[in-house]
Amino acid sequence: QVQLVESGGGSVDDGGSLRLSCSVSGNIGSWFCMGWFRQTPGKEREGVAAINHAGTSTYRDSLKGRFSVSRDSAKNTLDLQMNSLKPEDTAMYYCAARPSYYSVECFLGEEFYNSWGQGTQVTISA
């Protein structure tokens, strides 16, 4: 069983920064994709960023330049640095993972992932 635990959410003012972290444990295999998603009430969950085991990342176009994803494959952790935050970034942020190959591109579609964390709330005040 795979477990993902997010941390680092909270409330900041418009223009502020937050760093989210996710730790992965359990039997997920040697290589796996990891991704961040977010969801607001009444809307579908959307992909934020993903990164493969080789360190190649993919971002939602509208978030490029403000968000940065990184991972420590030795520690099985995933981070998301979020800068210049806006009220519209307010959402529940989820960490996700799935077994993959070392350098295969990781997609931002939620159907691609089969393990999910419980989420961490991010609130940006205007």
Side-chain angles (χ1 to χ4, degrees):
Q1 186 175 358
V2 178
Q3 288 188 320
L4 293 89
V5 180
E6 302 96 337
S7 61
S11 299
V12 296
D13 292 334
D14 190 356
S17 297
L18 279 174
R19 188 176 184 88
L20 306 183
S21 294
C22 173
S23 63
V24 182
S25 60
N27 186 21
I28 192 170
S30 299
W31 299 327
F32 49 94
C33 280
M34 298 188 75
W36 286 102
F37 291 77
R38 65 186 186 183
Q39 188 173 26
T40 55
K43 293 187 177 181
E44 292 187 356
R45 190 152 47 185
E46 62 181 26
V48 172
I51 186 167
N52 65 16
H53 218 93
T56 302
S57 54
T58 303
Y59 293 92
R60 188 174 193 83
D61 286 344
S62 61
L63 300 177
K64 289 179 180 178
R66 293 197 298 122
F67 287 20
S68 178
V69 66
S70 59
R71 69 186 286 173
D72 185 332
S73 295
K75 297 180 179 179
N76 284 352
T77 58
L78 176 73
D79 289 341
L80 182 68
Q81 178 66 41
M82 305 184 294
N83 299 324
S84 302
L85 284 162
K86 306 174 182 180
E88 51 264 41
D89 294 318
T90 294
M92 183 71 78
Y93 283 71
Y94 298 90
C95 174
R98 69 157 285 164
S100 185
Y101 294 98
Y102 185 76
S103 60
V104 168
E105 180 181 4
C106 299
F107 299 106
L108 289 179
E110 63 173 315
E111 66 278 3
F112 183 74
Y113 297 85
N114 54 16
S115 297
W116 293 85
Q118 294 299 307
T120 185
Q121 179 66 38
V122 170
T123 302
I124 313 303
S125 301

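Keep in mind that the numbers below use all heavy atoms, side chains included, and drop hydrogens, waters and symmetry copies.
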Interatomic distance, His53 atom NE2 to Cys33 atom SG [nearest 0.5 angstrom] | 10.5 Å

Verify side chain to side chain contact (heavy atoms under 4.5 Å, CB included) between Glu46 and Arg38, making sure each step is shown before the conclusion.
-> CA-CA 6 Å; Glu46 62 181 26; Arg38 65 186 186 183; 2.7 Å; yes

Given side chain to side chain contact (heavy atoms under 4.5 Å, CB included), test Val48 with Leu63 step by step and report yes or no.
-> CA-CA 7 Å; Val48 172; Leu63 300 177; 3.6 Å; yes

So do the side chains of Val122 and Asp89 get within less than 4.5 Å of each other, counting heavy atoms only?
-> no

Euclidean distance, Ser115 OG relative to Leu4 CG, rounded to 0.5 Å = 6.0 Å

CG-CD1 distance between Asn114 and Ile28, expressed to the nearest 0.5 angstrom | 7.0 Å

What do the steps show when you test Glu6 against Leu20 for side chain to side chain contact (heavy atoms under 4.5 Å, CB included), and what is the final call?
-> CA-CA 7 Å; Glu6 302 96 337; Leu20 306 183; over 6 Å; no

Which pairs of donor and acceptor atoms, one on a side chain in residues 101-112, lie under 3.5 Å apart (sequence neighbours left out)?
residue : atom : partner : partner atom : Å
Glu110  : OE1  : Arg45   : NE           : 3.3
Glu110  : OE1  : Arg45   : NH2          : 3.3

Between Val24 and Val2, is any pair of side-chain heavy atoms under 4.5 Å apart?
-> yes

Could you tell me which non-hydrogen atom of Ser17 sits nearest to which non-hydrogen atom of Asn83, and how far apart they are?
-> OG-OD1, 3.0 Å

Does the side chain of Arg71 come within less than 4.5 Å of Phe32's, by heavy atoms?
-> yes

Check step by step if side chain to side chain contact (heavy atoms under 4.5 Å, CB included) holds for Trp116 and Cys95.
-> CA-CA 6 Å; Trp116 293 85; Cys95 174; over 6 Å; no

Taking the six-membered ring for Trp, are Phe67 and Tyr93 parallel (under 30°), tilted (30 to 60°) or perpendicular (over 60°)?
-> tilted

More than 12 foreign heavy atoms under 6.0 Å from CD of Gln118: is that the case here?
-> no

Assess whether atom CH2 of Trp31 is packed by more than 12 heavy atoms of other residues, nucleotides or ligands within 6.0 Å.
-> no

Could you name each residue pair satisfying salt bridge (charged side-chain N to carboxylate O under 4.0 Å, His left out) that touches residues 72-87, not counting sequence neighbours?
-> Arg19-Asp79

Here the gap from Phe37 atom CZ to Leu80 atom CG, rounded to the nearest 0.5 Å, amounts to 12.0 Å

Please answer whether the main-chain N or O of Thr77 pairs with a side-chain N or O of Ser23 as donor and acceptor at a distance below 3.5 Å.
-> no

What residues, two or more places apart in sequence or in another chain, satisfy ring-ring contact (aromatic ring centres under 6.0 Å, His included) together with Tyr94?
-> none

